[in-house]
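Take a look at the structure below.
Protein chains get the first letters and strands the later ones, always in sequence-line order, with residue 1 at the start of each.
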Amino acid sequence: MTQVQTIPTPEEFQSVVSETAPKKLSMVVFSGDMDKAMAAFIIATGAAASGIQVTMFFTFWGLKLIQDGNRTGSSLFGRAMGVMNRGGIDRAGPSKFNFLGMGRWMFKKMMRSHNVASLPELREMAIDLDVRMIACQMSMDVMEIPRETLIPEVLEVAGVATFIEESQQSQSTLFI
Amino acid sequence: MTLGTPDITLDLEGMLCPIPIVKVAKALKTMDVGSVLQATASDPGVLIDIPAWARTTGNELLSIEREDKIITFQVRKLS
């Protein structure tokens, strides 16, 4: 007896997938610049508010956005980096026109006068909307950033495989 | 056009992207399926973004209109 198997058409397959798979968005947050971080958190909160599960993977300069602001580093270079690139979302400056902090001050003032949410407020919203935040283990090792200097809402420290697994299940992946 | 009394009202005036949709989404979480939210906003982006948000989330946009600078819309929770 031969078995007859029906193979679903791409349309049928797609409709099954879209009905069962959760909507997901994954994001690499590489930049620690204020303006790019604004984009990252606005997309994250907007997606989460649209019923999409969002994962933000913070790596390299992006770690600044989830640090609590302590100076870090243990070796000579590590300490120097901890002083020059002190963490804390409030210390993030714009990618253009920073002028040693003047630009940051100006942007903050302009954003406030236009009633735009500040970066710390946007991050608060993202946390509130259950955006999953992952810190990159390798960057933390290289930049000598200890786990304790991250904000407590970051529950996971992981590597590229974790991000790839997440992005494989996502309909879109962004690198910011 | 408004459709009767909404179950919940929101004031989103003066708020810019992404706060309006975040607030609408959060308010909807507390509501029962079938109930209606009405909100007023002032950011013109809302006119485009709320319909898009409704399509993404599968909620029903009952009405959206602008009078002078104020945008009023109603959403029925379906999901």
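Contact between B:Ala25 and A:Ala49 at its shortest, heavy atoms only, is CB-O, 3.1 Å.
Other residues, nucleotides and ligands contribute over 12 non-hydrogen atoms within 6.0 Å of the NZ atom of B:Lys77. Within a 6.0 Å radius of CE in A:Met138, no more than 12 heavy atoms belonging to other residues, nucleotides or ligands are found. Annotation for A:Lys24: atom NZ counts as buried by contact number, over 12 foreign heavy atoms lying within 6.0 Å.
Neither the backbone nor the side chain of A:Ile43 comes within contact range of chain B; no heavy atoms are under 4.5 Å apart. Only the side chain of A:Leu129 comes within contact range of chain B, judged by heavy atoms closer than 4.5 Å. Only the side chain of B:Lys26 has a heavy atom closer than 4.5 Å to any heavy atom of chain A.
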task: Evaluate side-chain contact (heavy atoms from CB on, under 4.5 Å) for A:Met125 paired with B:Ile19, printing each intermediate quantity in order.
output: CA-CA 9 Å; A:Met125 270 200 276; B:Ile19 301 175; 3.8 Å; yes

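Under a hydrophobic-cluster definition in which Ile, Leu, Val, Met, Phe, Trp and Tyr are linked whenever side-chain heavy atoms come within less than 4.5 Å, directly or via other members, B:Val36 and B:Leu10 are assigned to different clusters. In this structure, B:Leu47 is a member of the same hydrophobic cluster as B:Ile21, with clusters built from ILVMFWY side-chain heavy atoms closer than 4.5 Å. Residue A:Phe175 is grouped with residue A:Met34 when hydrophobic side chains (ILVMFWY) are merged at heavy-atom distances under 4.5 angstrom, including chains of intermediate members.
Put simply, the side chain of A:Asn115 gets close to the backbone of B:Gly14: a donor and an acceptor are under 3.5 Å apart. Side-chain atoms of B:Trp53 do not come within 3.5 Å of backbone N or O of A:Gly46 as any donor-acceptor pair.
Atom-to-atom distance recorded for A:Lys23:NZ and B:Thr57:OG1 is 7.5 Å, nearest 0.5 angstrom.
For A:Asp35, the side chain to side chain donor-acceptor pair (under 3.5 Å) partners are A:Ser95, not counting sequence neighbours.
Comparing B:Gly58, B:Pro18, B:Ala54, B:Ser79 by heavy-atom pairs within less than 4.5 Å of chain A, the highest count is held by B:Pro18.
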